[in-house]
2 protein chains.
Amino acid sequence: MTNSVDAERTQTKPGKRERLVEAAVRVFYEQGIEKTTIADIARVAEVPVGNVYYYFKTKDQLIEAAIGAHARSLDQIVAELERLDDPRERLKSLIQGWVDGRELAVRFGCPFGSLTAELTKRADPLDGHAAEVMRALVDWAERQFAIMGRSDARELAVALIASYQGISLLTNAFRDPGLMAAEGDRLARWIDSL
Amino acid sequence: MTNSVDAERTQTKPGKRERLVEAAVRVFYEQGIEKTTIADIARVAEVPVGNVYYYFKTKDQLIEAAIGAHARSLDQIVAELERLDDPRERLKSLIQGWVDGRELAVRFGCPFGSLTAELTKRADPLDGHAAEVMRALVDWAERQFAIMGRSDARELAVALIASYQGISLLTNAFRDPGLMAAEGDRLARWIDSL
DNA sequence: GTCTATACCACGATAGAC
DNA sequence: GTCTATCGTGGTATAGAC
């Protein structure tokens, strides 16, 4: 239940907070933020409802934690891509990852895009945090295009990420994974042509 | 209050139902579906809350009416574009319309895309109705590319609409109308190059 | 730290006077 | 056809026993 380190520090049971964040990420993605209740998240995390408030005082704090999890997730993906030498291969590998996840996109769209879209319709300043994560992705893509010697790297990076966000929405709306696959091929050919 | 025709037919005050639909479209767009209450719509439409239920028995019916309004709106846009002779000019005129509306995109994204995205996260079959409207737009774009002699017309149409949906999301997330303007220019050059 | 019970409020929807 | 008052439900968040 408690590992040796945590037991000595009189901390909470390890994993509980993490389970809540994981559950929040998943349920926000599948149901949307507004439709999910604290009880939904607690159930998926297998934590009693009332206990959630020990870890997160408000629903907004759970949203913020979910954004943080997406940021770490993106860091991991980028670190993996950086192991490739050629910027073209990096970008095409990123695209391949999108295509590989197309069945999820069919059901719920882009995990991070749908979250960002929902957050911009809120009053709280949480949408700014989501935008930062999105910006990190665009910045990374821009760097790859710059290495390729493109002076219009920023514009190309924005266009690439926009294409992914848009095709995620259409794939989701039309429930057709083939759209994502075809657009992935098209974008890969485009990268090679630059 | 009642015009001569309606008075004789013992109908409801003219415009009241229309005002409710208009208000629904606007408030759903600005706040998102889940966050808007019947009271919100009633207030904007300047109709007493309880009276809403005379026109629409459920919130879902208001959503359906809003989708219908978007469909009619799209029909109007397309009819306007059809007055141009060249398919390239039609597509570029469509794009110009998107760029002209960039300040709204900064605040709330694409009026119809954000609605569609939200509806796919619902249980009801309402998302299918939204998808039909989106499909009508893709179909129209496909026809233009086909007239241009492209055998890959469908793929190009999907890519075009996806780019718009995606750049709307980024324009909204980053609060930067310049993104939409730059992407509009890029897409116009792309159309000319085909 | 954990969990139950519950306060409190906002929303969708309805009843029924006018 | 219009409008007020209200019911029932379900949500966030808290109090306080363990």
Side-chain angles (χ1 to χ4, degrees), chain A residues 1-21 23-24 27-28 30-66 118-119 121-124 126, chain B residues 1-21 23-25 27-28 30-67 118-119 121-124 126:
Chain A
M1 294 299 272
T2 51
N3 65 33
S4 55
V5 175
D6 285 344
E8 292 187 302
R9 290 165 67 211
T10 328
Q11 273 193 340
T12 177
K13 257 193 262 180
K16 218 154 185 177
R17 189 191 177 90
E18 285 77 1
R19 285 209 317 270
L20 280 167
V21 177
V27 183
F28 284 150
E30 296 180 359
Q31 308 188 342
I33 293 176
E34 303 298 337
K35 268 193 77 177
T36 56
T37 68
I38 308 277
D40 288 336
I41 295 171
R43 187 167 10 85
V44 172
E46 292 180 289
V47 167
V49 219
N51 199 4
V52 174
Y53 288 92
Y54 175 74
Y55 298 93
F56 301 97
K57 283 171 187 57
T58 63
K59 190 180 177 180
D60 272 21
Q61 286 189 9
L62 267 166
I63 298 173
E64 192 144 24
E118 249 188 302
L119 284 174
K121 309 223 165 181
R122 292 197 134 216
D124 28 294
L126 251 38
Chain B
M1 296 292 275
T2 50
N3 65 33
S4 55
V5 175
D6 285 343
E8 293 187 302
R9 291 163 67 212
T10 328
Q11 273 193 338
T12 177
K13 255 193 263 177
K16 219 154 186 178
R17 189 191 178 89
E18 286 76 3
R19 261 169 26 227
L20 281 168
V21 177
V25 168
V27 183
F28 284 150
E30 297 181 358
Q31 308 189 342
I33 293 175
E34 304 297 339
K35 268 193 75 177
T36 53
T37 68
I38 308 277
D40 288 336
I41 296 170
R43 187 166 10 86
V44 171
E46 291 179 291
V47 168
V49 218
N51 199 5
V52 173
Y53 288 91
Y54 176 75
Y55 298 93
F56 302 96
K57 284 169 185 57
T58 63
K59 190 181 176 179
D60 272 20
Q61 287 189 9
L62 267 166
I63 297 173
E64 192 143 25
I67 295 172
E118 249 188 303
L119 284 173
K121 308 224 164 181
R122 292 198 134 214
D124 30 291
L126 250 39

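So that the names make sense, note that chain A is the first sequence line, chain B the second, and so on, each numbered from 1.
Side-chain N or O atoms of Q31(B) include none that pairs as donor or acceptor with a backbone N or O of K121(A) at under 3.5 Å.
Residues from residues 32-42 of chain B with heavy atoms under 4.0 angstrom of DNA chain C, sorted by number: T36(B), T37(B), I38(B).
Judged as a side chain to side chain donor-acceptor pair (under 3.5 Å), and not counting sequence neighbours, the contacts of T37(B) are D40(B). Residues forming a salt bridge (Lys or Arg N to Asp or Glu O under 4.0 Å) with E64(A) (at least two apart in sequence, or on another chain): none. Residues satisfying the side chain to side chain contact (heavy atoms under 4.5 Å, CB included) criterion with V47(A), sequence neighbours excluded, are K16(A), R19(A), L20(A), A45(A), N51(A), V52(A).
Mapped onto DNA chain D by nearest heavy atom, G50(A) and P48(B) fall at different nucleotides, with P48(B) at the one closer to the 5' end.
Straight-line distance from the OH atom of Y53(B) to the P atom of dC7(D): 16 Å, rounded to whole Å. Computed from coordinates, the Q31(A) CD to dG10(D) P distance equals 15 Å when rounded to whole Å. When rounded to the nearest whole Å, the span between NZ of K16(A) and C1' of dT2(C) equals 6 Å. Protein atom CZ of R43(A) is 13 Å distant from nucleotide atom C1' of dG11(D), rounded to whole Å. In this structure, the CG atom of D124(B) is 15 Å from the C1' atom of dG12(C), given to the nearest Å. Atoms CG (N51(B)) and P (dT14(C)) sit 15 Å apart, rounded to a whole Å. Put simply, CG on D60(B) is 17 Å from P on dC11(C), counting in whole angstrom units. Across the protein-nucleic acid pair, K59(A) atom NZ and dT12(D) atom C1' stand 9 Å apart, rounded to whole Å.
Y55(B) is not listed as a side-chain neighbour of V21(B), based on a closest heavy-atom distance of 4.5 Å or more.
Listed by first then second residue, pairs satisfying salt bridge (charged side-chain N to carboxylate O under 4.0 Å, His left out) with a partner in residues 46-62 of chain B read D60(B)-R122(B), not counting sequence neighbours.
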